[in-house]
Structures are given as C-alpha cells and as structure tokens.
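This report concerns only the one structure given below.
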Amino acid sequence: MRNIPWQEKPKNSNEIIWRYDKNPIIGRYDIPSSNSIFNSAVVPFKDGFAGVFRCDNKAVQMNIFAGFSKNGIDWKIDHEVIKMKEGNTDMIESDYKYDPRVVFIDDRYWITWCNGYNGPTIGIGYTFDFKEFFQCENAFLPFNRNGVLFPKKINGKYAMLSRPSDNGHTPFGDIYVSYSPDMKYWGEHRCVMKATPFEDSAWQSTKIGAGPIPILVDDGWLMIYHGVVTTCNGFRYAMGAAILDENDPSVVKYRTQEYILGPAVDYEMVGDVQNVVFPCAALHNLEEDKIAIYYGAADTVVALSFGHISEIVKFTKEKSL
Ligand code: BMA
C-alpha cells in the first residue's frame, strides 16, 4: 500500500477523527463548469490515486467526472463528464448521476452512484483505467440511494449496502444489504440497521446511509456511515461508525451512539446545503493504522479527515448503542 494522505492528530486533541488543516481540498469552482464539487470517491490507482467526482454544473445538474492525483490531496478533475458505454445490459437511461463510490474487485474498478431512472436508484458501472467507463444494470427499483459495495465477495456473492428512499428529500431511511452472483441481478435483501429512536441518539434518528467502502478489521466490517437529524432548520448530516459481522453483514456488532465527526467548521456549516458532513470514500493502511476519510462538506466542497483505525474500532465498541 502506497502512502496515503496523512497528518498527525493535533496535540491536545481528544477527537477520534480530525480534519486536514488545509481543508477543503477541492473547491466548488475547480472545473470550469462546476457550481459545486462534493460527495466524491477516490481509490489507489497506478502509482497514485484516481477518483470519481460529483460535480454539479451551473444549471445545477448532477453528474460524475473522473479525476487523478499523485498524492491524494491535489486533484486534476476532467472537464468532460464521464460518458458511459454499454456494460452488462442495453444502455439504460440516466437523467442524472450523483454520490459515487468506487472499489477495486478482482480485475476492475466498480462504481456505484445514485442514478436518475424515473427517480433515484442505484447505478452500477466499471472501468479499468478511469478513461473508458461501462454502465451496467441498475441494482434496484427506484427509489434508492447510497449504494456501497463491499470490497470482496461474501459467501461467493457480490454484496452491496443501500438505503431505500423516496423521490424527494427522504424523511426516513435504513441501511439494507443485498447480494448478487453477477453484478446484474440483486436479491436476498436484508435489513442491516435502522435510524435510532430520537432519545437514544438524535444525530442519527431521521435516516442513515452507508458511506465509504467498508473495511475488514479483526472484529468484522468497519462501516463508516452518515446519520441525519431533523432540526427546526432542516436536516443535519454527521458521520458515525459501526462494525458488521464479516460473514453476515446484516448482523450489527457495534454502532456508535455518538457521532465521530459532525458539521462544526465554516465549510461544513455554510454552503449550498448547510450542516452536511457526507463521507463517500476512505483510503486506509492497516499496518500503519491510518485512515483518510473523504467527505462532502455542505454539498459544496470536498474535505479530508484522518483517524487511527484502532481508535475508531475501540471507540465504536466502547461507545456502542
Ligand atoms: C442527500 C443527497 C446527498 C446530499 C445530502 C444532503 O439526499 O442529495 O447528495 O449530500 O442529501 O443535502
């Protein structure tokens, strides 16, 4: 594993997750067409990193763009939108694309995103080189958001987390896991975890959705997720962590009662949508016990944060609901 972006925890900090001190790493106008760049996904690629970025344009149409970086912090994002070719099905409609996730499985990089097909559902595609992209069958019926693949097959099948939703600013949402033998047909849908009762943990009481690709640790799958509370001024999105059983991820072993990162600095609290911290990707190095979490801030920019995996796991176990 190459060097991932890293910055030591500030002295005297007792945070589980701390922010990069030069945040945000990607600005809203970083490509000529963009109104905002956020909720984006990165992976190790060749001797550096590649990613799929959500860049809404100035008509505020949502779409995804490829990007490349040597160090995971300074990014060159293509000015042209990703154009899909036919994957494992006939070319299907896509009114918009947003909130991508990327993961390498077997021989290629798989991409999932929220795909506009008579409302939001989960689109799937793949690429070998981040130049040519192939669109596959949608995973689910509308409406659904936050499709997040596991990085390897579980019991011989591809596995994906998602959040069934409605066509609007969904006021509910629980995390499910689904399985597929071939990345085309999905089934065996099982509930993983639900939004909490308000009095137990208010920050995640309206809806929850998977964030980065889960990471396999000794205790199971470390799943970083977003949780939402409805306030008198609308939704507030924060970040939490859970540990799911390795062989049956519908079994939740631990789940944080407290959030691990909440909107608290200007670029998270002020933007097109205030008070949003929305993780979509993480780079990690288990030997060095490091994780770099990429998140959308206020639906406007991309920011970076860091943590020690062992501390996140310990916190998740000790402060579990
Ligand atoms: C969700 C999606 C995300 C966004 C979030 C907060 O429904 O649209 O892209 O970050 O709302 O506005």
Side-chain angles (χ1 to χ4, degrees), residues 23-28 34-42 51-57 59-65 81-82 94-102 111-123 140 142-148 161-176 195 203-212 224-240 259 261-265 267-282 293-305:
N23 269 346
I25 59 164
I26 299 173
R28 65 182 308 160
S34 62
N35 162 74
S36 47
I37 306 180
F38 57 110
N39 301 1
S40 298
V42 308
V52 176
F53 295 82
R54 169 177 176 176
C55 307
D56 295 5
N57 68 17
V60 195
Q61 295 169 300
M62 306 173 283
N63 222 322
I64 55 176
F65 294 66
V81 67
I82 290 175
S94 178
D95 296 333
Y96 49 78
K97 298 183 181 70
Y98 65 84
D99 295 1
R101 314 295 204 278
V102 186
I111 298 146
T112 54
W113 67 89
C114 184
N115 191 45
Y117 179 81
N118 302 290
T121 184
I122 304 302
F140 308 118
F143 309 111
N144 200 308
R145 292 188 175 96
N146 297 292
V148 178
L161 299 163
S162 75
R163 191 190 82 200
S165 68
D166 66 14
N167 197 11
H169 298 296
T170 315
F172 61 88
D174 303 326
I175 299 176
Y176 284 72
W203 70 270
Q204 50 182 333
S205 60
T206 296
K207 50 182 169 177
I208 53 171
I224 290 166
Y225 63 99
H226 66 259
V228 181
V229 59
T230 307
T231 74
C232 52
N233 282 328
F235 291 151
R236 178 179 192 262
Y237 283 68
M239 194 190 299
Y259 61 76
L261 189 81
V265 296
Y267 54 86
E268 297 164 352
M269 295 193 298
V270 179
D272 285 1
V273 182
Q274 61 184 5
N275 297 321
V276 181
V277 157
F278 198 94
C280 285
I293 303 169
Y294 292 75
Y295 62 99
D299 285 10
T300 306
V301 295
V302 177
L304 184 56
S305 59

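One-based numbering, in listed order, for ligands and for the atoms of each. It should be emphasised that the depicted structure is a prediction, and the values quoted were computed from it without experimental measurement.
Side-chain contact check for Asp272 and Asn35: at least one donor-acceptor pair (N or O, by modelled atom type) lies under 3.5 Å.
Looking at ligand 1, you'll find an N or O of Asp99 within less than 3.5 Å of one of its N or O atoms. Residue Lys207 has no N or O atom closer than 3.5 Å to an N or O atom of ligand 1.
Those atoms of ligand 1 with a heavy atom of Asn39 less than 4.0 angstrom away are 3 (C), 4 (C), 9 (O), 10 (O). Residue contact check: Val273 has heavy atoms under 4.0 Å from atoms 12 (O) of ligand 1.
With a 4.0 Å heavy-atom cut-off, ligand 1 is reached by the side chain of Tyr237 but not by its N, CA, C or O.
Residue contact check for ligand 1: Arg54 places a non-hydrogen atom closer than 4.0 Å to it.
A side chain to side chain contact (heavy atoms under 4.5 Å, CB included) with Val228 is found for one member of Phe278, Trp203, Tyr237 and no other, namely Tyr237.
Among protein heavy atoms, the minimum distance from atom 8 (O) of ligand 1 is reached at Tyr98 CE1, 4.0 Å. If you check which protein heavy atom lies closest to atom 12 (O) of ligand 1, you get Asp299 OD2, 2.6 Å.
Here CE of Met62 is found 8.5 Å from CZ of Phe38. Values are rounded to the nearest 0.5 Å.
In this structure, Asp174 contributes its side chain and Ala195 its backbone to a donor-acceptor pair below 3.5 Å.
The side-chain hydrogen bond (donor to acceptor under 3.5 Å, both in side chains) search around Asp166 returns Thr170, not counting sequence neighbours.
Side-chain contact between Val302 and Tyr295 is absent, with no heavy-atom pair separated by less than 4.5 Å.
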